[in-house]
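All values derive from a computational prediction rather than experimental measurement. Just so we're on the same page: letters track the sequence lines, and every chain starts at 1.
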There are 2 protein chains.
Amino acid sequence: MESKRQTMQKQIIFDAVNSLKNHPSAEDVYRYIHKKYPQISLSTVYRNLYSLAQDGKIKRLSTLTPERFDHFTDEHTHFRCNRCGEILDLFIDLTQIILEQMEKDSFEHKVSGVNIVLDGVCKDCKGLK
Amino acid sequence: MESKRQTMQKQIIFDAVNSLKNHPSAEDVYRYIHKKYPQISLSTVYRNLYSLAQDGKIKRLSTLTPERFDHFTDEHTHFRCNRCGEILDLFIDLTQIILEQMEKDSFEHKVSGVNIVLDGVCKDCKGLK
DNA sequence: CTTGGTGCAAATGTTTTGCATAAGC
DNA sequence: GCTTATGCAAAACATTTGCACCAAG
(Lines give C-alpha, C1' and ligand atoms only; values in the text may rest on other atoms or scores of the structure.)
Protein backbone atom coordinates (compact mmCIF):
# COMPACT_ATOMS: atom_id res chain seq x y z
CA MET A 1 0.00 0.00 0.00
CA GLU A 2 2.98 2.35 0.40
CA SER A 3 3.66 4.35 -2.74
CA LYS A 4 6.44 3.37 -5.11
CA ARG A 5 5.49 5.54 -8.06
CA GLN A 6 4.51 9.12 -8.46
CA THR A 7 1.34 9.44 -10.50
CA MET A 8 -0.67 12.36 -11.77
CA GLN A 9 -3.72 11.06 -9.88
CA LYS A 10 -1.91 10.96 -6.55
CA GLN A 11 -0.72 14.54 -6.94
CA ILE A 12 -4.22 15.76 -7.88
CA ILE A 13 -5.79 13.94 -4.93
CA PHE A 14 -3.22 15.28 -2.51
CA ASP A 15 -3.78 18.82 -3.79
CA ALA A 16 -7.54 18.36 -3.42
CA VAL A 17 -7.25 17.42 0.26
CA ASN A 18 -5.11 20.49 0.81
CA SER A 19 -7.52 22.76 -1.06
CA LEU A 20 -10.68 21.39 0.53
CA LYS A 21 -9.27 21.62 4.06
CA ASN A 22 -12.57 20.82 5.81
CA HIS A 23 -11.90 17.13 6.51
CA PRO A 24 -13.21 15.84 3.20
CA SER A 25 -14.48 12.30 2.78
CA ALA A 26 -13.33 10.20 -0.18
CA GLU A 27 -16.59 11.10 -1.89
CA ASP A 28 -15.97 14.83 -1.28
CA VAL A 29 -12.52 14.57 -2.84
CA TYR A 30 -13.93 12.62 -5.75
CA ARG A 31 -16.65 15.16 -6.44
CA TYR A 32 -14.16 18.00 -6.17
CA ILE A 33 -11.69 16.63 -8.67
CA HIS A 34 -14.32 15.09 -10.90
CA LYS A 35 -15.18 18.47 -12.49
CA LYS A 36 -11.66 18.94 -13.81
CA TYR A 37 -10.62 15.29 -14.06
CA PRO A 38 -13.71 13.20 -14.84
CA GLN A 39 -11.57 10.22 -15.79
CA ILE A 40 -10.27 9.65 -12.23
CA SER A 41 -12.29 6.93 -10.52
CA LEU A 42 -13.58 6.75 -6.98
CA SER A 43 -11.53 3.65 -6.22
CA THR A 44 -8.39 5.47 -7.28
CA VAL A 45 -9.34 8.23 -4.87
CA TYR A 46 -9.70 5.70 -2.05
CA ARG A 47 -6.46 3.94 -2.90
CA ASN A 48 -4.50 7.17 -3.04
CA LEU A 49 -5.98 8.62 0.12
CA TYR A 50 -4.93 5.47 1.97
CA SER A 51 -1.52 5.52 0.36
CA LEU A 52 -0.98 9.21 1.18
CA ALA A 53 -1.96 8.51 4.78
CA GLN A 54 0.47 5.60 4.88
CA ASP A 55 3.20 7.95 3.71
CA GLY A 56 2.26 10.45 6.41
CA LYS A 57 1.24 13.15 3.95
CA ILE A 58 -2.34 13.26 5.24
CA LYS A 59 -4.17 11.80 8.23
CA ARG A 60 -7.07 9.35 8.28
CA LEU A 61 -9.85 10.25 10.67
CA SER A 62 -11.07 6.72 11.02
CA THR A 63 -13.30 7.45 14.00
CA LEU A 64 -15.72 9.29 11.72
CA THR A 65 -18.23 7.72 9.34
CA PRO A 66 -17.78 8.12 6.51
CA GLU A 67 -14.06 8.26 7.06
CA ARG A 68 -12.53 11.69 6.52
CA PHE A 69 -9.07 12.87 5.64
CA ASP A 70 -7.10 15.70 7.13
CA HIS A 71 -4.39 17.76 5.47
CA PHE A 72 -3.21 18.68 8.96
CA THR A 73 -1.17 15.71 10.15
CA ASP A 74 -0.33 16.65 13.73
CA GLU A 75 -2.33 14.96 16.48
CA HIS A 76 -5.25 17.15 17.36
CA THR A 77 -8.83 16.94 18.52
CA HIS A 78 -12.05 17.18 16.55
CA PHE A 79 -15.38 18.57 17.54
CA ARG A 80 -18.46 17.35 15.66
CA CYS A 81 -21.57 19.50 15.70
CA ASN A 82 -24.66 17.31 15.93
CA ARG A 83 -26.75 20.10 14.47
CA CYS A 84 -24.92 21.11 11.28
CA GLY A 85 -22.57 18.14 11.00
CA GLU A 86 -19.50 20.35 10.72
CA ILE A 87 -16.16 18.98 11.95
CA LEU A 88 -14.05 21.58 13.70
CA ASP A 89 -10.39 21.40 14.66
CA LEU A 90 -9.42 21.94 18.25
CA PHE A 91 -5.83 22.83 18.80
CA ILE A 92 -6.00 22.21 22.50
CA ASP A 93 -3.34 19.63 23.17
CA LEU A 94 -5.37 16.85 24.72
CA THR A 95 -3.11 14.16 23.34
CA GLN A 96 -0.25 15.33 25.48
CA ILE A 97 -2.46 15.49 28.55
CA ILE A 98 -3.69 11.97 27.91
CA LEU A 99 -0.26 10.47 27.36
CA GLU A 100 0.95 12.05 30.60
CA GLN A 101 -2.04 10.61 32.40
CA MET A 102 -1.32 7.15 30.95
CA GLU A 103 2.22 7.31 32.19
CA LYS A 104 1.07 8.36 35.64
CA ASP A 105 -1.14 5.25 35.74
CA SER A 106 1.72 3.03 34.53
CA PHE A 107 -0.33 1.93 31.54
CA GLU A 108 0.75 -1.44 30.25
CA HIS A 109 -0.33 -1.20 26.58
CA LYS A 110 1.60 0.50 23.81
CA VAL A 111 -0.32 3.56 22.60
CA SER A 112 0.43 4.72 19.07
CA GLY A 113 -2.50 6.98 18.36
CA VAL A 114 -5.06 9.05 20.18
CA ASN A 115 -8.41 9.70 18.52
CA ILE A 116 -10.69 12.17 20.20
CA VAL A 117 -14.03 13.30 18.88
CA LEU A 118 -16.10 15.65 20.99
CA ASP A 119 -19.81 15.75 20.27
CA GLY A 120 -22.03 18.69 20.89
CA VAL A 121 -23.52 21.79 19.37
CA CYS A 122 -21.23 24.42 17.89
CA LYS A 123 -21.46 28.07 18.86
CA ASP A 124 -23.18 29.00 15.59
CA CYS A 125 -25.92 26.42 16.05
CA LYS A 126 -26.40 27.03 19.78
CA GLY A 127 -28.47 30.14 19.10
CA LEU A 128 -30.86 28.43 16.68
CA LYS A 129 -34.13 26.96 17.92
CA MET B 1 -37.07 6.36 18.39
CA GLU B 2 -37.54 6.48 22.16
CA SER B 3 -39.29 3.42 23.50
CA LYS B 4 -42.99 3.47 24.30
CA ARG B 5 -43.60 -0.23 24.67
CA GLN B 6 -41.85 -3.02 26.46
CA THR B 7 -41.30 -5.97 24.14
CA MET B 8 -39.81 -9.40 24.58
CA GLN B 9 -37.26 -8.60 21.86
CA LYS B 10 -36.01 -5.49 23.61
CA GLN B 11 -35.50 -7.36 26.87
CA ILE B 12 -33.63 -10.18 25.13
CA ILE B 13 -31.41 -7.74 23.26
CA PHE B 14 -30.67 -5.75 26.40
CA ASP B 15 -29.78 -8.92 28.27
CA ALA B 16 -27.52 -9.99 25.42
CA VAL B 17 -25.50 -6.76 25.56
CA ASN B 18 -25.10 -7.27 29.30
CA SER B 19 -24.06 -10.89 28.90
CA LEU B 20 -21.67 -10.34 26.02
CA LYS B 21 -19.94 -7.42 27.73
CA ASN B 22 -17.12 -7.12 25.19
CA HIS B 23 -18.55 -4.22 23.19
CA PRO B 24 -20.60 -6.32 20.81
CA SER B 25 -21.62 -5.07 17.38
CA ALA B 26 -25.22 -5.44 16.21
CA GLU B 27 -24.14 -8.51 14.31
CA ASP B 28 -22.55 -10.00 17.45
CA VAL B 29 -25.76 -9.49 19.40
CA TYR B 30 -27.77 -10.97 16.56
CA ARG B 31 -25.61 -14.07 16.33
CA TYR B 32 -25.69 -14.50 20.12
CA ILE B 33 -29.45 -14.39 20.45
CA HIS B 34 -30.11 -16.16 17.17
CA LYS B 35 -29.32 -19.57 18.68
CA LYS B 36 -32.11 -19.29 21.23
CA TYR B 37 -34.39 -16.91 19.35
CA PRO B 38 -34.01 -17.54 15.62
CA GLN B 39 -37.14 -15.56 14.86
CA ILE B 40 -35.64 -12.21 15.94
CA SER B 41 -34.41 -10.29 12.92
CA LEU B 42 -31.26 -8.26 12.50
CA SER B 43 -33.21 -5.06 11.88
CA THR B 44 -35.03 -5.55 15.17
CA VAL B 45 -31.64 -5.86 16.83
CA TYR B 46 -30.51 -2.59 15.28
CA ARG B 47 -33.72 -0.78 16.15
CA ASN B 48 -33.64 -1.94 19.74
CA LEU B 49 -29.98 -1.21 20.27
CA TYR B 50 -30.58 2.36 19.10
CA SER B 51 -33.67 2.65 21.22
CA LEU B 52 -31.92 1.30 24.33
CA ALA B 53 -29.11 3.80 23.76
CA GLN B 54 -31.65 6.59 23.40
CA ASP B 55 -33.10 5.57 26.76
CA GLY B 56 -29.62 5.58 28.31
CA LYS B 57 -29.65 1.86 29.09
CA ILE B 58 -26.63 1.17 26.89
CA LYS B 59 -24.06 3.32 25.10
CA ARG B 60 -23.34 3.56 21.38
CA LEU B 61 -19.67 3.53 20.49
CA SER B 62 -20.16 5.34 17.22
CA THR B 63 -16.46 6.01 16.70
CA LEU B 64 -15.89 2.35 15.91
CA THR B 65 -16.72 0.57 12.66
CA PRO B 66 -18.82 -1.44 12.78
CA GLU B 67 -20.54 0.41 15.56
CA ARG B 68 -20.40 -1.31 18.93
CA PHE B 69 -22.55 -1.16 22.02
CA ASP B 70 -21.50 -0.93 25.62
CA HIS B 71 -23.40 -2.15 28.66
CA PHE B 72 -21.30 0.23 30.72
CA THR B 73 -22.88 3.64 30.25
CA ASP B 74 -20.51 5.94 32.12
CA GLU B 75 -18.12 8.00 30.03
CA HIS B 76 -14.90 6.12 29.66
CA THR B 77 -12.07 5.56 27.24
CA HIS B 78 -11.45 2.69 24.84
CA PHE B 79 -8.23 1.18 23.69
CA ARG B 80 -8.20 -0.71 20.40
CA CYS B 81 -5.45 -3.22 19.76
CA ASN B 82 -4.37 -3.07 16.12
CA ARG B 83 -2.98 -6.59 16.40
CA CYS B 84 -5.87 -8.64 17.83
CA GLY B 85 -8.68 -6.13 17.31
CA GLU B 86 -9.79 -6.32 20.92
CA ILE B 87 -11.48 -3.28 22.47
CA LEU B 88 -10.45 -2.68 26.07
CA ASP B 89 -12.03 -0.39 28.63
CA LEU B 90 -9.87 2.20 30.31
CA PHE B 91 -11.25 3.56 33.49
CA ILE B 92 -8.82 6.42 33.58
CA ASP B 93 -11.00 9.49 33.74
CA LEU B 94 -9.89 11.35 30.66
CA THR B 95 -13.30 12.87 30.08
CA GLN B 96 -13.06 14.88 33.25
CA ILE B 97 -9.57 16.03 32.39
CA ILE B 98 -10.72 17.12 28.95
CA LEU B 99 -13.76 18.99 30.18
CA GLU B 100 -11.61 20.84 32.69
CA GLN B 101 -9.18 21.74 29.95
CA MET B 102 -12.01 23.02 27.74
CA GLU B 103 -13.22 25.26 30.52
CA LYS B 104 -9.72 26.60 31.09
CA ASP B 105 -9.59 27.57 27.41
CA SER B 106 -13.06 29.18 27.61
CA PHE B 107 -14.33 26.87 24.91
CA GLU B 108 -17.27 28.36 23.06
CA HIS B 109 -19.05 25.20 21.83
CA LYS B 110 -21.41 23.08 23.88
CA VAL B 111 -19.83 19.67 24.49
CA SER B 112 -22.23 16.82 25.22
CA GLY B 113 -20.04 13.79 24.65
CA VAL B 114 -16.41 12.81 24.62
CA ASN B 115 -15.32 9.89 22.46
CA ILE B 116 -11.79 8.70 22.92
CA VAL B 117 -10.24 5.75 21.18
CA LEU B 118 -6.60 5.00 21.76
CA ASP B 119 -4.87 2.91 19.14
CA GLY B 120 -1.92 0.69 19.77
CA VAL B 121 -0.80 -2.78 20.67
CA CYS B 122 -2.10 -4.39 23.84
CA LYS B 123 0.20 -5.93 26.42
CA ASP B 124 -0.69 -9.47 25.32
CA CYS B 125 0.20 -8.79 21.69
CA LYS B 126 3.33 -6.75 22.44
CA GLY B 127 5.37 -9.88 23.08
CA LEU B 128 4.38 -11.62 19.85
CA LYS B 129 6.55 -11.29 16.75
C1' DC C 1 10.23 -4.40 -20.20
C1' DT C 2 8.54 -4.96 -15.73
C1' DT C 3 5.57 -4.07 -12.10
C1' DG C 4 2.67 -1.04 -9.77
C1' DG C 5 -1.31 1.99 -10.59
C1' DT C 6 -5.77 2.84 -12.85
C1' DG C 7 -10.65 2.40 -14.33
C1' DC C 8 -14.50 -0.15 -14.41
C1' DA C 9 -17.79 -3.05 -12.59
C1' DA C 10 -19.01 -6.05 -9.36
C1' DA C 11 -18.78 -7.75 -4.54
C1' DT C 12 -18.75 -6.86 0.42
C1' DG C 13 -20.07 -5.24 4.77
C1' DT C 14 -22.92 -2.32 7.54
C1' DT C 15 -26.95 0.14 8.37
C1' DT C 16 -31.54 1.78 7.04
C1' DT C 17 -36.19 1.58 5.14
C1' DG C 18 -40.97 0.25 3.16
C1' DC C 19 -44.57 -2.36 4.04
C1' DA C 20 -47.78 -5.87 5.61
C1' DT C 21 -48.60 -8.22 9.94
C1' DA C 22 -48.37 -8.98 14.91
C1' DA C 23 -48.72 -7.58 19.51
C1' DG C 24 -48.46 -3.99 23.60
C1' DC C 25 -51.22 -1.14 26.21
C1' DG D 1 -58.97 -0.84 18.82
C1' DC D 2 -55.26 2.11 18.11
C1' DT D 3 -50.44 2.41 17.24
C1' DT D 4 -46.02 0.99 17.86
C1' DA D 5 -42.81 -2.79 17.05
C1' DT D 6 -41.52 -6.72 14.23
C1' DG D 7 -39.87 -9.56 10.26
C1' DC D 8 -38.72 -9.80 5.79
C1' DA D 9 -36.76 -8.27 1.76
C1' DA D 10 -34.89 -4.78 -0.58
C1' DA D 11 -32.41 -0.36 -0.75
C1' DA D 12 -28.88 2.64 0.58
C1' DC D 13 -24.28 3.69 1.67
C1' DA D 14 -19.31 3.25 2.31
C1' DT D 15 -15.58 0.63 1.13
C1' DT D 16 -12.96 -3.07 -1.14
C1' DT D 17 -11.59 -6.18 -4.81
C1' DG D 18 -10.74 -8.75 -9.42
C1' DC D 19 -9.10 -8.06 -13.60
C1' DA D 20 -7.61 -6.34 -18.03
C1' DC D 21 -5.10 -2.45 -19.53
C1' DC D 22 -1.98 1.56 -19.00
C1' DA D 23 2.03 3.92 -17.83
C1' DA D 24 6.12 5.20 -14.60
C1' DG D 25 10.69 4.13 -13.86
Atom-to-atom span, CG of Leu49(A) to P of dT6(C) - whole angstrom: 11 Å
To the nearest angstrom, the CZ-C1' distance between Phe14(A) and dG5(C) comes to 19 Å
Is there, by distance only and without an angle test, a donor paired with an acceptor across the side chain of Arg47(A) and the base of dG4(C) below 3.5 Å? no
Donor-acceptor pair between His76(A) and Asp70(A) side chains, under 3.5 angstrom: yes
Quick check for you: among dT16(C), dG7(C), dC8(D), whose closest atom lies nearest to any side-chain atom of Tyr46(B)? dT16(C)
Within 45 degrees of the ring normal and closer than 6.0 Å to the centroid, is that where the cationic atom of Arg60(A) sits relative to Tyr50(A)? yes
Take the protein atom CG of Asp28(B) and the nucleotide atom P of dT14(C), then report the distance between them rounded to whole Å. 9 Å
Nearest-neighbour nucleotide for the Ser41(A) side chain, dC8(C), dC25(C), dT6(D) considered: dC8(C)
Just to be sure I understand the rule, does Glu27(A) reach a base, reach only the sugar-phosphate, or reach nothing, if contact means heavy atoms closer than 4.0 Å? nothing
Can you tell which of dT17(D), dC8(D), dG24(C) lies closest to the side chain of Arg5(B)? dG24(C)
Nearest to the Gln6(B) side chain among dC25(C), dG5(C), dT15(C), which nucleotide is it? dC25(C)
Counting heavy atoms from C-beta on, name the nucleotide in dA5(D), dG7(C), dT15(C) closest to the side chain of Thr7(B). dA5(D)
Specify the separation, in whole Å, of atom NZ of Lys10(B) and atom P of dA5(D). 7 Å
Check the distance between dT6(C)'s P and Met8(A)'s CE and give it to me in whole angstrom. 9 Å
Flag the pair Tyr37(B) / Ile40(B) as yes when at least one side-chain heavy-atom distance between them is below 4.5 Å, and no otherwise. yes
Side-chain atoms of Asn48(A) come closest, of dG25(D), dT6(C), dC25(C), to dT6(C)
Please work out if Ser43(B) contacts a base, only the sugar-phosphate, or nothing of the nucleic acid, heavy-atom cut-off 4.0 Å. base
